[in-house]
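Report on the following structure.
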Amino acid sequence: MTTPVEKSTNPSTNTAARTVGGAPAPHQIATGHEGTVRDQIDSYVQRIRGGEMGMLPALAGLIIIGLVFWIATPFFFTKTNIANLMTQTAALMMLAVALTFVIILAEIDLSAGVTGGLAMAIFILLTNVGGWGWIPALLAAFVIGAAVGTFIGFMVARIGVPSFVITLALFLGLQGVILVLLGNAGAYRIEDPAVIAIMNKSMPVWAGWLMLAVIVAISFATGLYDRSRRVAAGMPVRPMSLLLAREAAWVVGGGLVVLLLSLNRSTSVIPIRGVPVVVPIALAILWIGTTMLDRTRFGLHIYAVGGNPEAARRAGINVSRVRIVCFILCSTLAVVSGLFTASQVGTVESSAGRDIVLSGVAAAVVGGVSLFGGRGRLAQAAVGALLISMITNGLGLLGLSAGITLAITGAVLALAATVDALSRRRSGSTSLARG
């Protein structure tokens, strides 16, 4: 996704680029998203040297881990396991995306997992006991998630309670509420076929190709729109060849995945073909969230508050409101994660959401979202979730114990946090040197 005009404009750089002593100045790049292909490459290398690693370490990890498991087991890159990996990643990815909104603010929400569990407990009681339809019951679950997020945001932004403390309190307290609600039974089976289908059914083959066509069309239209805005503003634009190369990557890469999933992956007489239903749902939420962060004034305010809340306040940004809304978004998207998990296992248990939150934080950080605030994108959280899921999936195929999986995941998280800290230090020292 290309960078919008608002985020890539550097007034001082553009002004300096207009004239130097009355003569046209050499072209300067503000963000690395303009200029020739060579300019793009040079700017990207410069950003890496300055400590802005982005999701590069996570992408390198995906390649390395993929190669390791490809060599270690012949079942890792099969069409059946790729489909399984997509469904296994969905719930973790959604929670990592939810947590990204508050991590960008240099905050944390340890209660996100059990918030989703509480919402699903309300949902299952309304459907199985109260006789509600699954749609109004799900809307009620989202209201519960938003209410919890509002409470956390108010306590953090208005009262001044540290987010770690208040969310830890809710992490413990909401588990008790779930136990009280579900009673001695401890688990309820989901009866609605539509909810079960989210994680356990596949779309028709033609729907998968249609999904890919929509993704390519939106990506290309967005690129053209950005070019037209920059041209209208008299700003340099990235070469059309880069936009076409990006679309070609979507067509080739996405086409291979859809083609693979369109083949029969069933071991019984009943064929199973098509992209899992959860994939377009997760991608749509990811696209909406990314658009909000990258292309709206509120998204810019989130990064400003995360980078320097005092400077943001002096610039006229309502810091408290930004924090409250981000916690609401986090808790609401955590309900989506809880829905995915409940759909996958087919039940809502009293322990719902208890263990996934730390993996969600790990996924976001491993993907490149900075714990120090001000930096991070939802795509990075998605890549981090895929990386964590690949580790869990691959080690499971090798028959290794859960203890080894946890140990390796912890080591990856420690490495990612170290890279984040070092890149922050490098970025700071580079800025001082340039100043």
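Remark: the backbone N or O of Ile215 is not paired with any side-chain donor or acceptor of Ser219 at under 3.5 angstrom. Within the 3.5 Å criterion, the main-chain N or O of Phe372 finds a donor-acceptor partner in the side chain of Ser370. In this structure, Thr392 contributes its side chain and Ile388 its backbone to a donor-acceptor pair below 3.5 Å. Checking side-chain atoms of Ser343 against main-chain N and O of Met199 turns up a donor-acceptor pair under 3.5 Å. Arg158 places no side-chain N or O within 3.5 Å of a backbone atom of Gly153 that could act as its donor or acceptor partner. Of the possible polar contacts, one joining the Gln380 side chain to the Arg377 backbone as a donor-acceptor pair under 3.5 Å is found.
With a 4.5 Å cut-off on side-chain heavy atoms, Phe151 and Ile166 count as touching. Proximity of Leu92 to Ile356: side-chain heavy atoms (C-beta onward) are separated by under 4.5 Å at one or more points. You'll find the side chain of Asp109 stays beyond 4.5 Å of the side chain of Val361, heavy atoms only. Contact annotation: the side chain of Met120 approaches that of Val335 to within less than 4.5 Å [non-hydrogen atoms, C-beta and beyond]. By the 4.5 Å heavy-atom criterion applied to side chains, Pro276 and Met203 are not counted as neighbours. Side-chain contact check for Phe220 versus Trp250: every heavy-atom pair is 4.5 Å or farther apart.
In this structure, Phe69 and Phe76 have tilted ring planes: the angle between them lies in the 30° to 60° band.
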TODO: Would you check, one step at a time, whether the test side-chain contact (heavy atoms from CB on, under 4.5 Å) holds for Leu259 with Trp209?
DONE: CA-CA 8 Å; Leu259 177 63; Trp209 292 108; 4.0 Å; yes

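Under 3.5 Å, the side chains of Gln88 and Asn393 contain a donor-acceptor pair of N or O atoms.
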